[in-house]
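See below for the structure under consideration.
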Amino acid sequence: MTETDPRQLPPQYAPGEVEARRYAHWEAAGLMRADAKAVSPSAPAFAMVIPPPNVTGSLHIGHALDHTLMDALVRRRRMQGYTALWLPGMDHAGIATQNVVERELAREGLSRHDLGREKFTERVWQWKAESGGKILGQMRRLGDSVDWDRERFTMDAGLSRAVQTIFKRLFDDGLIYRAERIINWCPRCMTALSDIEVDHTEDEGELVSIRYGDGDDSIVVATTRVETMLGDTAVAVHPDDPRYSHLVGREIELPLSGRRIPVVADPHVDPEFGTGAVKVTPAHDPDDFEIGRRHQLPSVMIMDERGVITAHGPFLHLDRFEARPAVRDALREEGRIVAERRPYLHAVGHCGRCGTTVEPRLSLQWFVKVGPLAKAAGDAVRDGRVAIHPAEMSGRYFDWVDDMHDWCISRQLWWGHRIPVWYSASGETVCVGPDEDPPGEGWTQDGDVLDTWFSSALWPFSTLGWPDSTEDLRAFYPTSVLVTGYDILFFWVVRMMMFGLYAMSAAGPEQSVPFRHVALHGLVRDQYGKKMSKSRGNTVDPLDWIDRFGADATRFTLARGASPGGDVAISEDWVAGSRNFCNKLWNAARFALLNGADASAARPDPATLGSTDRWILSRLAAVTAATDDLLEQYEFGKACEALYHFAWDEFCDWYLELAKPALASGDEGAVAATRAVLGFVLDRLLRLLHPVIPFVTDELWRALTGGDSVMTAPWPGQRASGSTGGSSTGGGDLSAFADAAAEAEIGALMQLVTEVRRFRSDQGLRPTQPVPAALAGIGGTPLAGHEAAIRALLRLAAPGEAFAPTASVQACGVTVELDTAATIDVAAERRRLEKDLATAQADAAATERKLATPSFVERAPAAVVARSRDRLAAAQAEIARLTGRLEALPPARS
RNA sequence: GGGUGCAUAGCUCAGCGGUAGAGCACUCGCCUUACAAGCGAGGGGUCACUGGUUCGAACCCAGUUGCGCCCACCA
């Protein structure tokens, strides 16, 4: 493997080759592995599990965000000395995967039934082996520092055993039961769905009012699903509704059927809505099912699992959507339709996987009794054992856990964990544990599989070896933080909470939680703040950006936009900007290397340094502390912002420019000091940036220091693990570098330089042409020692030669007299001075007015008043200065 | 229907009681040998609207308008 010669870094950073090389090294050197045995008080455990992506999927931009943030967290912890584990893996994604393989079969003209259950699941496994690992390769491209030795899959043997174990335990505890209930049914996938697998949209439908019964014994009901009237077994009214009290208990005729159905009184009916009377179809509506139960009404199923009418009569074999108009027309012919409202907007459920309209359906399914589990899940957050970031999101969490329906966990699919329950011919039921043999002859296993989320809910501990008390489980559970989008707070987080607390309850309340922190981020949006979606056509393939701009640029863009719970807007322009930043860093390092930056020197001693060096060290200390705090609070965007400005504006634009004259000064001591500070600051900067942009920083850090990898360099912040904090090896406290005097001094220098540049720019003078100049009055100011640097930055000619100044600029007590080699544009200068004067006068006037307000002077804090006085003084000084310069201005040239 | 959040420069956002900030975009000038994926300078905002609290409001309170998101079994 050939390394780039550090002295010959190309002038542009080429990510592709560097990324491949660096990742291969991390993997080969085992830098991403976490050893449970290494956990100790000085190297405590830090653990995260990856939200397992679907095997069917490929990395989309949302994953890229999720992974970038997780990787930044784990990399920083690793540098801080933690034994840091990030565990990767994938989810078998029941319905999604089965659908993909079934679609593949359909192209061969086959259905899963043609293969049979065994052959079909074999085929899915085969498919998983071939294309399921795609996303893992993509994770390498992104730079995810996961421990590949621990990769898990929700269907592998260990996790299947965990599934069976917890099922059996819940079953024995009476928390899993089988019952005939109305569930969400997808007639296309032909399976039950849980509430969260159903998406509601406002759809156009029709609201049809139908007259049931005749004459005095008639009643009008309204419905959006006309065809279900074939299965009506009652009409319900409110018990206190005087309009219908005479009908309660009597039977009326159900149109088209010849059947007579009772009128029942039920408090659930809202007398204000519609006619105050509702048709009751217990087999096809969840509300009606409850009403039916309360009144012992029969349930008449009129549709099969495909949504085809099974009720005998003229509508037999019609699809539900064909039956709707057919039934409506038939009713109209009989004069039963009282009113029709079309279009009528109402919420309709759709299968979260295929979009088909969900059909509520009465069927025998398995459920988790959620009550006690959800209560425990809520309490863990309420009493602070688990913290949600940002805390405002906890409200949504509580809304969910406090009012959760029992969870339907059986799916009429073949791909998934088969329900470990067996039935005998005589109707006995046995739940089989993982280490038990199934019952013999005459018993058959339940044909259904478990909801995918059932196994995902075990992820934080099943991946660590549960139900065995493994070393990993003891070392890394509870995991430290779970990072995910707020959109799956309910889907996944709640379920992990419920099952983690239940399965690990023996460990006690503190140790049974699946994670201590939940760090939520938002959705990725486009540059107009629009949600990315395939239908909108604004999706981005992160791999495309990684190819074109580099993984670091892609990561930096995402991290820079991320705030706790906040959405992230991105566009290609911004990735290009991040790419530019990486390149800037590359070139800063290139400059440093070409100038002998020395990162191996002892930690710089401010007492021996000039103010320029003390200034950059002071700024480094500030940005280090800020970055450390911000990352601790999951404020990735702000941390990136702080580092971006430090690196670009302060380090590159000012420090490196100031270092040039120092390096060229020929003063051996100054050169050595500059090289040492240059090396030190760049080293720290690379470490601080490494969690977010791991590739460039590693490449440059190796070139700069000769070290193996920045991954193993100590984190520069004060926060560190256990007792290793602040070690002399390079982490530790930089607060001794804080230097207000140096900051003020360099601040003045910047102000002076900027002022002169502005003058020259306004005057249209060539910035590159050396100008003879004198720095009058610099002697008595703090800038006295910076004359050479100022001349270099401003490209002023060397001092000494006599010249005739044609213009002057004042700032920070220094008058810069310039020979502009031409008559300056007096009119332009006058305009500029007048404009500045107007600004200063307005400022002075406003401040004066304020200070003249007695209530302000009396009641505002002294510091605020003092600040206003300073402001006024400054404004007045500025007015005096500008007035003087305007008066001194020669008359406009003729 | 119930919650909940947001309205600040052309775009995306930060600021959350003391007289407006960043990135990108824009204008002007520079190939100043680390970087033109760059350097320097500049323009641009009655902080959605209306009231209130306060010496003082982009920031706190109430209402209005306009967006967004989540939840939801009202036929």
Legend entry - Exam field: side chain A:His521 to backbone A:Gly565, donor-acceptor pair closer than 3.5 Å: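 Answer holds: no.
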
Inset, instruction - Sugar-phosphate atoms are those with a prime plus P, OP1 and OP2; base atoms are the rest. Using that split, label each nucleotide of nucleotides 36-43 of chain B B, S or - for protein heavy atoms under 4.0 Å, 5' to 3'. - result: -BSSBSSS

Legend entry - Where protein sits on nucleotides 11-22 of chain B, one letter per nucleotide: B base, S sugar-phosphate only, - none, heavy atoms under 4.0 Å: SS-SS--BB--S

Legend entry - Touch class at under 4.0 angstrom, heavy-atom based, for A:Leu656 against every strand present: base

Inset, instruction - Is it possible for you to check whether A:Arg579 lies under 6.0 Å from the centre of the six-membered ring of A:Trp545, through NZ or CZ, and within 45° of that ring's axis? - result: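 Ring-cation test returns no.
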
Inset, instruction - Report yes or no: is the cationic atom of A:Arg336 (NZ for Lys, CZ for Arg) closer than 6.0 Å to the six-membered ring centre of A:Tyr212, at no more than 45° off its axis? - result: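 No; the conditions do not both hold, so A:Arg336 does not lie above the ring face of A:Tyr212.
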
Legend entry - Separation of A:Glu206 CD from A:Thr223 OG1 (nearest 0.5 Å): 9.0 Å

Legend entry - Rounded distance [0.5 Å steps], CG in A:Asp552 versus CG in A:Asn583: 12.0 Å

Work out how far the [atom1] atom of [N] is from that of [M], and round it to whole angstrom.
{"N": "B:rG23", "M": "B:rA9", "atom1": "P", "value": "16 Å"}
{"N": "B:rG44", "M": "B:rA20", "atom1": "C1'", "value": "13 Å"}
{"N": "B:rA62", "M": "B:rC6", "atom1": "P", "value": "13 Å"}
{"N": "B:rG40", "M": "B:rC31", "atom1": "P", "value": "15 Å"}
{"N": "B:rU8", "M": "B:rC13", "atom1": "P", "value": "10 Å"}
{"N": "B:rA25", "M": "B:rG10", "atom1": "C1'", "value": "7 Å"}
{"N": "B:rC26", "M": "B:rA72", "atom1": "C1'", "value": "47 Å"}
{"N": "B:rA37", "M": "B:rG17", "atom1": "P", "value": "43 Å"}

Inset, instruction - Just compare B:rC24, B:rC70, B:rA75 and give me whichever is closest to any side-chain atom of A:Arg396. - result: B:rC70

Residue matched to [N] through Watson-Crick or wobble contacts both under 3.5 angstrom:
{"N": "B:rA75", "answer": "none"}
{"N": "B:rG40", "answer": "B:rC28"}
{"N": "B:rC6", "answer": "B:rG66"}
{"N": "B:rG45", "answer": "none"}
{"N": "B:rG18", "answer": "B:rC55"}

Starting at atom [atom1] of [X], determine the distance to atom [atom2] of [N], rounded to an integer number of angstrom.
{"X": "A:Glu657", "N": "B:rC35", "atom1": "CD", "atom2": "P", "answer": "11 Å"}
{"X": "A:Met229", "N": "B:rA75", "atom1": "CE", "atom2": "C1'", "answer": "14 Å"}
{"X": "A:Asp573", "N": "B:rG23", "atom1": "CG", "atom2": "C1'", "answer": "11 Å"}
{"X": "A:Met393", "N": "B:rG3", "atom1": "CE", "atom2": "C1'", "answer": "14 Å"}
{"X": "A:Asp399", "N": "B:rG2", "atom1": "CG", "atom2": "C1'", "answer": "10 Å"}
{"X": "A:Glu392", "N": "B:rC70", "atom1": "CD", "atom2": "P", "answer": "18 Å"}
{"X": "A:Phe289", "N": "B:rC74", "atom1": "CZ", "atom2": "C1'", "answer": "19 Å"}
{"X": "A:Glu572", "N": "B:rA25", "atom1": "CD", "atom2": "P", "answer": "13 Å"}

Does [X] pair with [Y] as a salt bridge, N-O distance under 4.0 Å?
{"X": "A:Arg225", "Y": "A:Glu359", "value": "yes"}
{"X": "A:Asp825", "Y": "A:Arg832", "value": "no"}
{"X": "A:Glu227", "Y": "A:Arg320", "value": "no"}

Inset, instruction - Can you see which heavy atom on A:Val540 is nearest to which on A:Ile61, and at what distance? - result: O-CB, 4.0 Å

Legend entry - Residue pair A:Ala553 / A:Ser578: nearest heavy atoms and the distance that separates them: O-CB, 3.3 Å

Legend entry - A:Trp654 and A:Asp649 side chains, donor-acceptor separation under 3.5 Å: no

Legend entry - Upstream residue (5' side of RNA chain B) when A:Val857 and A:Ala347 are each assigned their closest nucleotide: A:Val857

